[in-house]
There are 2 protein chains.
Amino acid sequence: MAAVETISLATCEQDPALYNERMRAMKDAIELLSGKWKFCILLNLYNYGTMRFKDLQETSTGITPKVLSKELQELEENLLITRTVNNTKPVTVSYALTPHAIETQPVINALVEFGLKHRTKIKGNYLAQPPVGTPA
Amino acid sequence: MAAVETISLATCEQDPALYNERMRAMKDAIELLSGKWKFCILLNLYNYGTMRFKDLQETSTGITPKVLSKELQELEENLLITRTVNNTKPVTVSYALTPHAIETQPVINALVEFGLKHRTKIKGNYLAQPPVGTPA
DNA sequence: CTGGATCCTAACTGATACTG
DNA sequence: CAGTATCAGTTAGGATCCAG
C-alpha cells in the first residue's frame, strides 16, 4: 500500500477556459471514436489502404456484418472514410480513409504505444500480487 | 460525392507479426480506457493533481456516484490511479495518478488535438451539406 | 458480395435512497 | 464524505436470416 508513488501535473489549472475547451474536445473525440471497432477499422485501413466490406470483416476478427455496417456508416458520416460502390458483377464496395482521417493517426499510435507498455507493466504486477478487486 | 480524396499509408502490410502485435496492443488499450468517463477522470487528475471523490464527481459533470465508483475501481485495478483513505473526521479519500498513468498522456493529448481539429472540420462540412445519413 | 431486418442479451447508465 | 443498494431504462453489440 505504501510503495506506489503518485504524480501531479496540474498543467492548466490556472486557465479554466482552456481546460474546458480541451475537455470538450476530448469528449467530442471519445463520442466519435469510442466503441469496440472504430479504431480497429481505422488501423486496418491505415495498413491495407482501400478495402472492401468483406476484407474488413475478415481483418476485424469477430465483427458481424450488421455491426461493421453501422460502424462504417458512422465513420463515413464523420468524414473519416469514403464509401465507393464499384461497378462489378457482384457489386463490391470500397472503403478508404479520407485525408481528415490522418488526424486520428496520433491517437492510434498513442493507443498502441500505451497498450504495449501497459501489457508488460500489468503482467508483472499481476504476477506479484492479484488485482485489487480479488475477493480474498 | 466526387471531391473527396482518399489516402493510403500501408505502413506495415509487409510485417504481419508486427501488425498483429500492434492491433492487440490497441485492443488492450481500448478495453482498458474506453467508456464515457475514464479519460475524463484521468484528465481531471492530470489537471488538479490529487482529488477527492466529491471533487471528481463535480468536475466530471453528469457522473453519478455509482458510476464514478466503478470507474475509479477499474482504473485502480489497472494501476493507473491510487486510492488513499485519509484519517479525517468525516473520512475522506484521495485519488491520484500513478507514474504509470503518464503513459496515457500522449493518448489524451492526441484525443484532444483530434477533437479540436475535428470540430472545426465537421462544422464546415455539416453546414455545406447534411450528413450522409439524412433521409432525403 | 453487401448489408439490411429481426431478435436478443449483457452491459452500461441513471435516479433515488440509504449506510458507515 | 464516500460510497453501496436497488430499481429501471437505454444501448452496444451479437446471432441468425435473408434480400438486392
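Residue numbering restarts at 1 for every chain, and letters A, B, ... go by the order of the sequence lines.
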Please report the distance, rounded to the nearest Å, between [atom1] in [X] and [atom2] in [N].
X	N	atom1	atom2	result
A:Ile81	C:dT2	CD1	P	13 Å
B:Glu76	D:dA2	CD	P	15 Å
B:Lys89	D:dC1	NZ	P	13 Å
A:Gln73	C:dT2	CD	P	15 Å
A:Leu32	D:dA12	CG	C1'	16 Å
A:Glu58	C:dG3	CD	C1'	15 Å
A:Arg83	C:dC1	CZ	P	16 Å
B:Ile30	D:dA12	CD1	C1'	15 Å

Please determine if B:Lys38 and B:Glu74 form a salt bridge, counting it only when a charged side-chain N lies under 4.0 Å from a carboxylate O.
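So B:Lys38 pairs with B:Glu74 through a salt bridge.
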
Do the charged groups of A:Lys54 and A:Glu58 touch, with an N to O distance under 4.0 Å?
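Salt bridge between A:Lys54 and A:Glu58, a charged N being under 4.0 Å from a carboxylate O: yes.
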
Name the closest nucleotide to the [X] side chain, picking from [options].
X	options	value
A:Val93	D:dA2, C:dG3, D:dG3	C:dG3
B:Pro90	C:dC1, D:dC1, D:dG3	D:dC1
B:Ser69	D:dT4, C:dT2, D:dC1	D:dT4

Quick one: list whatever passes side chain to side chain contact (heavy atoms under 4.5 Å, CB included) with A:Arg24, sequence neighbours left out.
B:Arg119

Test of understanding: with side chain to side chain contact (heavy atoms under 4.5 Å, CB included), list the residues that count as partners of A:Ser34, not counting sequence neighbours.
A:Ile30

Does A:Tyr95 have a side-chain nitrogen or oxygen under 4.0 Å from the phosphate oxygens OP1 or OP2 of C:dC1?
no

Distance check: side-chain N/O of B:Lys54 vs OP1/OP2 of D:dA2, anything under 4.0 Å?
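No, B:Lys54 has no side-chain N/O under 4.0 Å of OP1/OP2 on D:dA2.
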
How large an angle, rounded to 10°, do the end axes of the helix from C:dC1-D:dG20 to C:dG20-D:dC1 enclose when each is built from five base pairs?
50°

Please say which of A:Thr59, A:Val67, A:Thr61 ends up in a side chain to side chain contact (heavy atoms under 4.5 Å, CB included) with A:Ile63.
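Answer to the side chain to side chain contact (heavy atoms under 4.5 Å, CB included) test with A:Ile63 among A:Thr59, A:Val67, A:Thr61: A:Val67.
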
Listing time: all N or O pairs from protein to nucleotides 10-15 of chain C that are below 3.5 Å?
from   : atom 1 : to      : atom 2 : distance (Å)
C:dT13 : O4     : B:Lys66 : NZ     : 3.3
C:dG14 : OP1    : B:Lys36 : NZ     : 3.1
C:dG14 : O6     : B:Lys66 : NZ     : 2.2

Rounded distance (nearest 0.5 Å) linking atom [atom1] of [X] with atom [atom2] of [Y]:
X	Y	atom1	atom2	value
A:Gln73	A:Leu75	CD	CG	10.5 Å
A:Glu76	A:Glu71	CD	CD	13.5 Å
B:Cys40	A:Lys27	SG	NZ	4.5 Å

Quick one: list whatever passes ring-ring contact (aromatic ring centres under 6.0 Å, His included) with B:Tyr95, sequence neighbours left out.
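ring-ring contact (aromatic ring centres under 6.0 Å, His included) list for B:Tyr95, sorted by chain: empty.
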
Please list, for nucleotides 18-20 of chain C, all pairs of protein and nucleotide N/O atoms separated by less than 3.5 Å.
none

A:Phe39 ring center near A:Tyr46 ring center (under 6.0 Å)
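Not under 6.0 Å, so no.
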
Is the shortest side-chain heavy-atom distance between B:Leu97 and B:Leu80 below 4.5 Å?
no

Do you know which two heavy atoms are closest between B:Leu33 and B:Leu42, and how far apart they sit?
CD2-CD1, 4.1 Å

